[in-house]
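Accompanying notes for the structure given below.
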Amino acid sequence: DVKVTQSSRYLVKRTGEKVFLECVQDMDHENMFWYRQDPGLGLRLIYFSYDVKMKEKGDIPEGYSVSREKKERFSLILESASTNQTSMYLCASSFPTGRSYEQYFGPGTRLTVT
Amino acid sequence: GQNIDQPTEMTATEGAIVQINCTYQTSGFNGLFWYQQHAGEAPTFLSYNVLDGLEEKGRFSSFLSRSKGYSYLLLKELQMKDSASYLCAATGGSYIPTFGRGTSLIVHP
């Protein structure tokens, strides 16, 4: 059974804090993605990675960074959390680009920044 | 660039048929995904269309017209558990999907 796990389901942080969201997949997928999902806006891509130590900006990378030191793990970092980063964060993984493979999503982390 | 458009909300009756439309404008279009997302849960894969035509998978079918930039998801014999958001996502030259805003489907008795 394929699995994408995220470190927390719910997280509350204060403005200005550094926040780490962790994602782990056990499917040996090359591609990993971070999205945020807000009501009325749908899923928006923050960053993605197609290999270890590789990263590409998505549509809304401002205020975020990522790290991929191991194939199975992709971390999203909020350097200095702000209230407008309150959102649901979804991690996903898939097989390599060159063909469009389905994405497998983690359960999400609902982050509240106060 | 990419632009994906789908209705915000639809309602239907249990046992009926519903069609959820999606239009897209995608550079170097490759294919179109449909995902289902129940409230509070992760999206799960339903279908992927590359070629024109209808693909049937049980009660769910997905249609693609590349020339018209149009797809739909057809749900037959609706059940209460089909109440969910349905996400349309198109892939272009980069093969990275761009998602629409999702259609919230409410099935009532």
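Scope of the values below: all heavy atoms of this structure, side chains included, with no hydrogens, waters or symmetry mates. Just so we're on the same page: letters track the sequence lines, and every chain starts at 1.
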* To do: Under the side-chain contact (heavy atoms from CB on, under 4.5 Å) rule, what do A:Glu102 and B:Tyr35 come out as? Steps first, then yes or no, please.
  => CA-CA 9 Å; A:Glu102 65 184 271; B:Tyr35 286 82; 4.1 Å; yes
* If you group Ile, Leu, Val, Met, Phe, Trp and Tyr by side-chain heavy-atom gaps below 4.5 Å, do A:Phe105 and A:Tyr47 land in one group? -> no
* Asked: Given that the side chain runs from C-beta out, which part of B:Leu87 has a heavy atom under 4.5 Å from chain A: side chain, backbone, both or neither?
  -> side chain
* Name the option with the most non-hydrogen atom pairs under 4.5 Å to chain A; the candidates are B:Gly102, B:Pro43, B:Ser104. => B:Pro43
* Asked: Is the number of heavy atoms from other residues, nucleotides or ligands within 6.0 Å of CD (B:Gln19) greater than 12?
  -> yes
* Using a 4.5 Å cut-off on heavy atoms from C-beta on, say whether the side chain of A:Phe48 contacts that of B:Ile96. => yes
* Could you look at A:Leu43 and say if it's the side chain, the backbone, both or neither that has a heavy atom under 4.5 Å from chain B? => both
* To do: Name the region of A:Arg110, side chain, backbone, both or neither, that has any atom closer than 4.5 Å to a heavy atom of chain B.
  => neither
* B:Phe99 and A:Tyr35: aromatic ring centres closer than 6.0 Å? -> yes
* If you group Ile, Leu, Val, Met, Phe, Trp and Tyr by side-chain heavy-atom gaps below 4.5 Å, do A:Val113 and A:Leu11 land in one group? -> yes
* Shortest non-hydrogen contact between B:Ala42 and A:Gly106, atoms and distance -> CB-O, 3.0 Å
* To do: Say whether B:Leu51 and B:Tyr70 are linked into one hydrophobic cluster, either directly or through other cluster members, by side-chain heavy-atom distances under 4.5 angstrom.
  => no
* To do: State yes or no: do B:Met10 and B:Val107 share one hydrophobic cluster built from I, L, V, M, F, W and Y residues joined by side-chain heavy-atom distances below 4.5 Å, directly or via other members?
  => yes
* To do: Looking only at non-hydrogen atoms, find the nearest pair between B:Pro97 and A:Gln103 and report the distance.
  => CG-OE1, 3.5 Å
* **Taking every non-hydrogen atom, the tightest pair across A:Leu90 and B:Gln37** => CD1-NE2, 4.2 Å
* Structure fact -> Value for CZ (B:Arg101) from CZ (A:Arg44), rounded to nearest 0.5 Å, stands at 8.5 Å
* Asked: Shared ILVMFWY cluster between A:Tyr89 and A:Val24, side chains joined below 4.5 angstrom?
  -> no
